Structures are given as structure tokens and as C-alpha cells.
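Below: the structure, in C-alpha cells.
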Amino acid sequence: MQVFVTGASGFVGSAIVQQLLQQGHGVLGLARTAEAAEKLRQAGATAHEGDLNDLNRLKTGAAQCDAVIHTAFNHDFSRFKASCEEDRQVILALGEALAGSNRPLIVTSGIGLLHQDRLVTEADRPASAETTPRAASEEAVHNLVAQGGNAYILRLPPTVHDKGDHGFIPMVIQMARTHGVSAYIGEGSNRWPAVHRQDAAQMYRLILEQQPEQRVFHAVAEEGIPFRQIATAIGKGLQLPVTGKDEAGAEAHFGWFKHFAAIDCAASSAQSRATLGWTPQYPGLMADLVPGIYF
């Protein structure tokens with residue numbers, strides 16, 4: 001297939017591009033900058049210049065291809081709700097370009113949207129976008145499916161890890177460096193699921209190739225790692241003390257990130273594994289929290 005990939009030069013997107021090309025697919029990657037375009041060309045993909053703000057360019061890219069994988073998102077947390085609503089419009093535009101063709105669209109979402117007193121599953125849905133803004137992306141997908149579209153949701157854990165990560169784990173590491181201590185909140189028993197980015201990339205590809213009836217998937221290799229364990233590994237990596245923080249201390253240490261540091265969203269991928277035959281093969285998070293990768 002020829003696949004249009006948004007976020008194609010990003011941390012997760014570049015791994016997806018690599019997976020697709022290795023399996024004989026062609027890739028048209030959205031490139032916001034000349035640097036991103038060159039990176040795609042060097043990888044063996046074709047660059048499609050444009051960004052998420054130009055819906056017509058997105059439609060043009062999607063219309064040229066047999067499938068679309070959407071991984072791009074504006075992570076400016078100072079305007080998070082607006083970014084989420086913009087992503088809704090992006091997804092609807094991509095769906096419009098594919099309408100009536102049965103060509104698949106795979107949209108990225110987050111497991112952190114879901115909160116239960118148990119392992120969350122693929123059958124769980126987040127609260128509405130009115131209370132959980134990031135749910136706008138999933139609402140857009142369900143809207144497309146209701147209209148006959150061939151659309152899927154792939155939920156990623158709070159940490160997708162590997163060398164080159166610039167997500168939550170590097171943020172937590174930098175906060176530890178800044179404050180001279182690696183911290184967790186309360187007992188640190190809240191759990192983060194995790195996946196290696198190459199395992200996540202494989203799941204995108206398997207959905208694309210199999211196009212199953214199931215519509216929601218969890219790229220989860222480890223169901224829930226206690227945040228205290230993550231903080232302890234970071235303390236070891238930085239040779240810093242590790243300590244729990246109360247509410248006030250957590251606010252001072254984590255700042256705006258406190259909400260994410262407190263997330264408890266242990267998740268199952270049993271249904272995804274059974275449907276796709278997906279088996280994670282790359283190292284777990286603790287194996288990656290070592291010199292040369294994160295330190």
C-alpha cells in the first residue's frame with residue numbers, strides 16, 4: 001500500500017515509516033519543515049510538505065494514498081483544549097478525503113484518558129471532550145465509523161520509550177536534575193503502562209494490513225509500572241536521592257506536569273494481542289532506563 005503518515009518524522013511516526021518501508025509499503029509523509037522533508041527522503045519515503053493547520057494539504061495527501069496513519073498532534077499544553085479540537089477537525093478532514101473508498105484511517109489516542117479501578121480495556125471509552133479535551137480525537141473517529149468510514153483508534157501509553165524519546169520520561173528526568181531529587185507523589189503506587197516505540201509501530205502496521213472488525217487497540221507491552229519504580233530508576237540513573245512528595249511538594253517539583261505524574265491508568269492489551277497476533281519483542285521501560293538511552 002501507499003500510506004500517508006502524519007507526524008512521519010516524529011519519534012513514533014519515524015518508527016512507523018521504517019516498519020512500513022521494511023514490509024514493502026510506500027510512504028508519503030507529512031513534512032512541516034525542510035529538515036523533516038529531508039529526513040523522510042533519507043529514510044526512503046516521499047515528503048508531502050504541509051502542516052496540521054492546512055486541511056486542504058492534508059486532504060490532498062490522503063487522497064493520493066491507500067491508507068492514512070495519523071500520529072501528529074500539537075503538544076502545546078498552554079492551549080491544550082484548542083489543540084484537541086483542531087485534531088478533531090484534522091481527523092474529520094482526513095476521513096472526508098477517504099470517504100466512500102473503504103481505505104483505512106488509523107488515529108492515535110492516549111490510554112491516559114481512561115481512569116478505572118481496574119485494568120482499562122479496548123472497550124472502555126473516555127469521558128466526553130467537554131470534560132476530557134483529548135477525547136475529541138476518539139469522538140471524531142467514532143463519528144466517521146458511524147458514517148461508514150473505515151477508521152481505527154490506537155491508544156498509546158503515557159510512555160512510549162526508546163533512544164531519542166522527547167516525551168514524558170525525559171521531562172521527569174529533567175525535573176529530577178533541576179531539583180536534585182527524583183520524586184513520586186504520595187506512595188508512588190499510581191501505574192503507567194508502557195511500550196517500546198518499535199513494538200507500537202508494529203501494531204500500527206498490523207492494523208493497516210489486517211483491517212479487522214475491532215476498532216480500538218491498545219499498544220501496551222507492560223500493563224502498569226508503579227511510578228515509584230520509574231522514579232527509583234531515574235534516581236539511580238542520575239545518582240540522586242528518591243523521595244515521595246505530598247500535594248504541596250508535588251506541585252513545587254512537577255508544576256504543570258503534576259497531573260500526568262499522578263495518572264493511574266493501568267491498561268490491558270489482551271484483546272489487541274488476540275486480534276492482531278501482536279507480541280511485544282523489544283525491551284521494557286526499566287531495561288531502557290540506562291546510560292546510552294535515557295542518561
Side-chain angles (χ1 to χ4, degrees), residues 7 10-12 71-87 108-116 120 126-127 129 131-137 155-197 200 219-220 222-267 285-286 288-289 293-295:
F11 179 64
V12 175
T71 71
F73 184 79
N74 183 350
H75 286 97
D76 180 357
F77 288 103
S78 68
R79 57 185 305 277
F80 185 60
K81 186 175 178 64
S83 294
C84 294
E85 287 303 318
E86 288 165 4
D87 196 53
T108 306
S109 183
I111 286 166
L113 304 178
L114 305 167
H115 305 283
Q116 301 287 348
V120 297
T131 56
T132 307
R134 190 70 172 93
S137 303
R155 293 176 181 147
L156 294 175
T159 174
V160 180
H161 55 90
D162 192 10
K163 189 172 183 178
D165 181 8
H166 50 265
F168 283 177
I169 292 293
M171 291 180 189
V172 176
I173 290 171
Q174 185 54 49
M175 290 168 193
R177 281 198 175 104
T178 299
H179 296 287
V181 62
S182 182
Y184 53 89
I185 300 174
E187 301 270 321
S189 58
N190 62 298
R191 297 153 299 170
W192 277 16
V195 69
H196 192 284
R197 71 163 171 162
V220 171
E222 297 174 280
E223 291 183 341
I225 304 168
F227 195 85
R228 181 172 182 166
Q229 187 177 340
I230 295 171
T232 299
I234 290 171
K236 181 179 179 182
L238 296 176
Q239 296 184 321
L240 291 174
V242 181
T243 186
K245 298 284 187 180
D246 60 16
E247 284 294 311
E251 187 72 42
H253 184 92
F254 292 109
W256 65 271
F257 191 79
K258 177 186 164 190
H259 164 76
F260 297 103
I263 280 178
D264 183 40
C265 58
L285 178 60
M286 290 302 109
D288 267 3
L289 281 173
I293 298 180
Y294 280 95
F295 304 104

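The shown structure was predicted, so the numbers you read here are calculated from the model rather than taken from an experiment.
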Practice prompt. Without swapping roles, check the side chain of W192 against the backbone of F260 for a donor-acceptor pair under 3.5 Å.
Written response: yes
Fill in: F73 and T108: CA distance, side-chain angles, deciding distance, side chain to side chain contact (heavy atoms under 4.5 Å, CB included) verdict
CA-CA 9 Å; F73 184 79; T108 306; over 6 Å; no
Just distance, no hydrogens or angles: give the donor-acceptor pairs under 3.5 Å from side chains in residues 167-182, sequence neighbours left out.
unit_1, atom_1, unit_2, atom_2, d
Q174, NE2, T178, OG1, 3.4
T178, OG1, Q174, O, 2.9
H179, NE2, H253, O, 3.1
S182, OG, A231, O, 2.6

Item to complete: Evaluate the side chain to side chain contact (heavy atoms under 4.5 Å, CB included) criterion for residues H259 and F254: first the C-alpha distance (whole Å), next the side-chain angles of each, then the deciding distance (0.1 Å), finally the verdict.
Response: CA-CA 9 Å; H259 164 76; F254 292 109; over 6 Å; no
Worksheet entry | Results of ring pair (Phe, Tyr, Trp, His ring centres under 6.0 Å) for Y184 - residues two or more places apart only | none
Worksheet item: Does any non-hydrogen side-chain atom of S137 lie less than 4.5 Å from one of C84?
Response: no
Discussion item. E86: which residues meet the salt bridge (Lys or Arg N to Asp or Glu O under 4.0 Å) condition with it, sequence neighbours left out?
Written reply: R79
Worksheet entry | Non-hydrogen side-chain atoms of L285 and H196 separated by less than 4.5 Å | no
Response to the item:
Result for side chain to side chain contact (heavy atoms under 4.5 Å, CB included) between L114 and one of T132, V120, I263 points to V120
Discussion item. Tell me which pairs pass salt bridge (charged side-chain N to carboxylate O under 4.0 Å, His left out) where either residue lies in residues 226-238, with sequence neighbours left out.
Written reply: none
Discussion item. Apply side chain to side chain contact (heavy atoms under 4.5 Å, CB included) to residues V160 and V195 and explain how you reach the verdict.
Written reply: CA-CA 5 Å; V160 180; V195 69; 4.0 Å; yes
Worksheet, complete the sentence: T159 and P193 have their tightest heavy-atom pair at CG2-O, 3.5 Å
Item to complete: Indicate yes or no: at least one non-hydrogen side-chain atom of P126 is less than 4.5 angstrom from one of R155.
Response: yes
Worksheet item: For D162, which residues count as a salt bridge (Lys or Arg N to Asp or Glu O under 4.0 Å) partner, sequence neighbours excluded?
Response: R197
Worksheet item: Taking all non-hydrogen atoms of both residues, which atom of A127 and which atom of A135 are closest, and how far apart?
Response: O-CB, 3.2 Å
Worksheet entry | For M286 against I225, the heavy-atom pair lying closest together | CE-CG2, 4.0 Å
Practice prompt. Evaluate the side-chain proximity of R134 to D87: yes if any heavy-atom separation is below 4.5 Å, no if none is.
Written response: yes
Discussion item. Would you compute the distance between atom OH of Y294 and atom CG of D288 and round it to the nearest 0.5 angstrom?
Written reply: 6.0 Å
Response to the item:
Heavy-atom nearest pair, G235 first then V242, reads CA-CG2, 3.8 Å
Item to complete: Would you please name every residue forming a salt bridge (Lys or Arg N to Asp or Glu O under 4.0 Å) with K258, sequence neighbours left out?
Response: E247, E251
Worksheet entry | Reported CZ-to-CD distance for the pair F80 and E85, which is rounded to 0.5 angstrom | 11.0 Å
Worksheet item: Do F227 and I185 come close enough that some side-chain heavy atom pair is under 4.5 Å?
Response: no
Fill in: Nearest atoms (heavy-atom pairs only) where L289 meets A233
CD1-CB, 3.7 Å
Discussion item. Looking at every heavy atom in both G7 and A72, which two are closest together, and how far apart are they?
Written reply: N-CB, 3.5 Å
